[in-house]
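What follows is one structure encoded as structure tokens, with my remarks underneath.
So you know, we letter chains A, B, ... as the sequences are listed, proteins then strands, and number each from 1. Reckoned from all heavy atoms, side chains included, excluding hydrogens, waters and symmetry mates.
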Amino acid sequence: MAEAAISGSNDYAIPELMAVAMARTLGREDGNLGGVGAAAVVPMAAARLAVLTTAPNLWWFCGGASGLNPTFDRLPRSSADPRAAIGSTGKKNMLDVVDMGITGGWDWGFNGGLQIDMYGNINMIGIGTYPQLKVRGPGTVGTIWTGTLRRPYLYTMHHTARVLVEKCDYISGPGYLTGGNSRWDKVQNTTEGPQLLFTPLAIMDFEPDSKRMRLKSVNPGYTVEDVKKNTGFDLVIPKDLPNTAPPSAEELFVLRNHVDRDGVLKGVRATIG
Amino acid sequence: MAEAAISGSNDYAIPELMAVAMARTLGREDGNLGGVGAAAVVPMAAARLAVLTTAPNLWWFCGGASGLNPTFDRLPRSSADPRAAIGSTGKKNMLDVVDMGITGGWDWGFNGGLQIDMYGNINMIGIGTYPQLKVRGPGTVGTIWTGTLRRPYLYTMHHTARVLVEKCDYISGPGYLTGGNSRWDKVQNTTEGPQLLFTPLAIMDFEPDSKRMRLKSVNPGYTVEDVKKNTGFDLVIPKDLPNTAPPSAEELFVLRNHVDRDGVLKGVRATIG
Amino acid sequence: MAESGSKVVSLDEAGRMIARHKVISLAGSHSVNSPMALIRAAIRNGATGLTIIPPVTTAIATDLMIAAGCVDTFYLSYIGFETLGFAPGFRAAVEAGKLRVIEGDEPFVLLGTRAAAGGYPFIPVPAGVYDGTDLPRLNPMLKKIKDPHTGAECYAIPALHADCCILHAQECDELGNAQFWGGNNQEPDKAAAAKTVIISTERIVSLDHTRKNVDRVTLPGHKVSAVVHVPFGAHPTASPGVYGADEPHLKIYFDAVRKGETKTYLDRFVAPKTQAEYLDQVGLDNIFALQENA
Amino acid sequence: MAESGSKVVSLDEAGRMIARHKVISLAGSHSVNSPMALIRAAIRNGATGLTIIPPVTTAIATDLMIAAGCVDTFYLSYIGFETLGFAPGFRAAVEAGKLRVIEGDEPFVLLGTRAAAGGYPFIPVPAGVYDGTDLPRLNPMLKKIKDPHTGAECYAIPALHADCCILHAQECDELGNAQFWGGNNQEPDKAAAAKTVIISTERIVSLDHTRKNVDRVTLPGHKVSAVVHVPFGAHPTASPGVYGADEPHLKIYFDAVRKGETKTYLDRFVAPKTQAEYLDQVGLDNIFALQENA
């Protein structure tokens, strides 16, 4: 295992790159409503950055502190930190959050997992034989909403074959299940399934028909080989694969001056292997 | 039909007498939680008066305005008037109110009816054949809670054989159903059933075994014969029947100076026959 | 953010939007905070064949729609004018066989709305809540089922979804972030249970004002479709903190409908196309006097 | 009203009250607004064999009870220390086979609590919410049933009742009327779903203060059994508007438990009988510094 941050460019830390890449993606969600939850400091930075760059009309909910559209410029470490609600235009209590999960009221959201598999399924339950698991996961919270929110986005701060597995030991958040159309035999058919996976090494999407995970771009400073070596299954690898564009000077300026003045992202742990 | 107010003593109006009698009764609920709802200006005055006289630790909820323990001194005409929440120590939203109805969280409450029968059952649905009723009632709101609140108290501003009937055309609020123990075959068995009925003419309770309505005291200025004549069934009439004690000077002083400074109660319509 | 996201429409446009829908829900209790200007605009724009899901207690807001002949089906909990008496439009329509009533009550309407808001197909309540009453017999939507965990009997109250929810706010910004200053908080579930949400407001405030008063924002705007600026838009019902109910006006309505003179009332008070013309009919002096009773 | 109705008890008495119960629920999220002083008092008073119904996200509040050996059964939604890592007490107990976990999640714990608060035997959610995951297989309390109105399949989430609910408030009067200044409002349902409610508070305020700030009163006191005055009673978690979380202290706890040195932590930080002695161990300077991050 290597700390990914030091492998990034000298000019930015990997979590900063990930936040910038996520913020660019949120441009397509402008005007839509989404949210971030527990252990989500990078998506939290991304949503705040998106409002200031790609998605001025984004509606976003900031987890435990329960604020909508907060305007903090000092990124808190946790969405439950009361300071994460600074400048909000409204609040949602936990019941609203759950109700909207059930009704399909969320357009987008970010979810991670102890394991993420080749069809974008998520496991937060654990590894090994239930109930006395070898690795007891933290519990599934709202990973179930990958089945009900319109466009789930996935992320992990640890790109390793232990996280990116061929098949999850347990599924707590449904991705494309066993691929193809299998998802829609089980979950609400108005939802689209996982869109992208952001990791310290790369960005992945899903092949339209098979729904197998596919490499989309490799983060600057890394190679396709690095990605293959640290992924526990065979990714679909297209030809002519681009690099993820590094953060522009403008993106970094806004991120560091208006989103994360304390440099919290630089201290977020990201690992490879 | 006669306006009851003019039949009362010259010193007080019948709704004032009723509020005072209800407030005395609420002394036994000191420390307990209850509430009043729609079209309940007299019980509203009674609860406020009780806090100032018989039940200093009463918890009470004031209907549509949703205030707990308000301290108004100018009685509003409706519990939904925002001024009915003045000085509250808390609020309850409508969901809390319903939830507490279901869980049996209310200790006491006041309910009225288009019809009230000899076993204290209430009808707010209507009179005649459903659905094209001869008299369409206003709907049953929370009369159902006579089945779940611990001690329901009943009242009507119209003591007439059309309201006090032998058997309700429909039951929307369960009293003692068909008498005896029949209530507890149907409703939560932790609840006690209707305690008293307050009318412009009298106060009634229920015979312990048969659960038939029984005359308890006749309001000043009226006779047992007045009560019998205006009641649509045979009340149990004990010997040695007292009169309802008229409001004391102190009770009237507190009522008129600290509860109902605008004399709203004097204008509330009360009828007999 | 502000310009491109604005949801502000005219009162007339809001009336047309409402009139395009069939199942209408609203909040406000008795004679407090009903979206009266929106209702008048909907009537003017030919709303017809409506199903109404009212708040658990209602008065002129829904009685007026019934009296104006806009309503086919009514989810009943309670409709009445308290000290004035029974709702005249409702009573006449039912007794004439012209209105279908779903015989609901406080838990039925409130939990049905809650279920729809939460995406639950129904909410079960213990059988003891309804057994002993005639409601299950009169309302086939109350279905008896068994709790799969304990075997205990309960009644399933079905989700009550609306097409369009109309609300009156004291303050609202152009994105639909709204403040309701009184009442018992039925608005959020009513809004969540509807496809389209339309808000009239005493005052349109800035987004900065919303941020500064976030603890008073009772409904975030993300589900709101349209915002209409209508000062005194709850009149003749009260707008908490702004003005009291107009009791003499309520009596004018009550007497007119009871005497079969609904058309006279409609011509005078519903026909005027703008809120300014309506307020002219009511008399601005009368309106300003109500501000003392806020 | 004031004197005769007072519910104020000592921290030690509150600890004894909690320790007499079996099913304990609490609110507070992650490292924010957990009733830590009450938890320490319960551990000192021999709480054992507990079933815990936590909030939907939790960290040290419940991990400490598990690490101290007080807990048999845990309703799981999420337990973790976010940037620090997995909850060490919880993980060790499960992996050693010493803790029974009910494999719940956000809707299971939240709607189970909601159902108990509302007196509904269960709340049904559409089958599509859970189908496709392993949760129904791992959690037999999720029972599949049919909506009696539409025939659609759904899962019944059962009501989760607690014996005793413990909460930390920023302000509370002696009748139990409480203000929670942050978070996502899980407190009212947690309180309603429990037989006994115990509140610790940064500050006991007058009833007049409550009336003056009624819009901030999030929990009326009628169901509250006991109120305990404990300044810094949420430490090391944050008390919104009063002080921030003590991250260095959380790391001391985290490292101690992970290294199997739970007893050292308990002896130093849980054994002290009063809040003053506890704050001495933490260091008042450290505490005051946290006020900058409120």
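When the shell of 6.0 Å around NZ of D:Lys22 is examined, it contains more than 12 heavy atoms from other residues, nucleotides or ligands. Counting non-hydrogen atoms of neighbouring residues, nucleotides and ligands closer than 6.0 angstrom, the CG atom of B:Asp262 exceeds 12 such neighbours. Other residues, nucleotides and ligands place no more than 12 heavy atoms under 6.0 Å from the CZ atom of B:Arg77. Within 6.0 Å of NZ in D:Lys7 there are more than 12 heavy atoms belonging to other residues, nucleotides or ligands.
By number of non-hydrogen pairs under 4.5 angstrom with chain B, the leading residue of D:Val217, D:Thr210, D:Asn177 is D:Asn177. Chosen from B:Ala85, B:Gly90, B:Pro70, the residue pairing most often with chain D at heavy-atom distances under 4.5 Å is B:Gly90.
Residues D:His222 and B:Asp107 have side chains not in contact (no heavy-atom distance under 4.5 Å, counting atoms from C-beta outward). Side-chain contact check for B:Thr89 versus D:Leu207: some heavy-atom pair is nearer than 4.5 Å. At a threshold of 4.5 Å between non-hydrogen side-chain atoms, the residues D:Val214 and B:Lys91 count as touching.
Contacts of D:Ala192 with chain B are absent, with no heavy-atom separation under 4.5 Å from either backbone or side chain. Contact annotation for D:Asp215: only side-chain heavy atoms (C-beta onward) come within less than 4.5 Å of a heavy atom of chain B. For B:Leu95, the part lying near chain D is the side chain, with the backbone staying farther off; criterion is any non-hydrogen pair under 4.5 Å.
For residues 96-105 of chain B, heavy-atom neighbours of chain D at less than 4.5 Å comprise B:Asp99, B:Met100, B:Ile102, B:Thr103, sorted by residue number.
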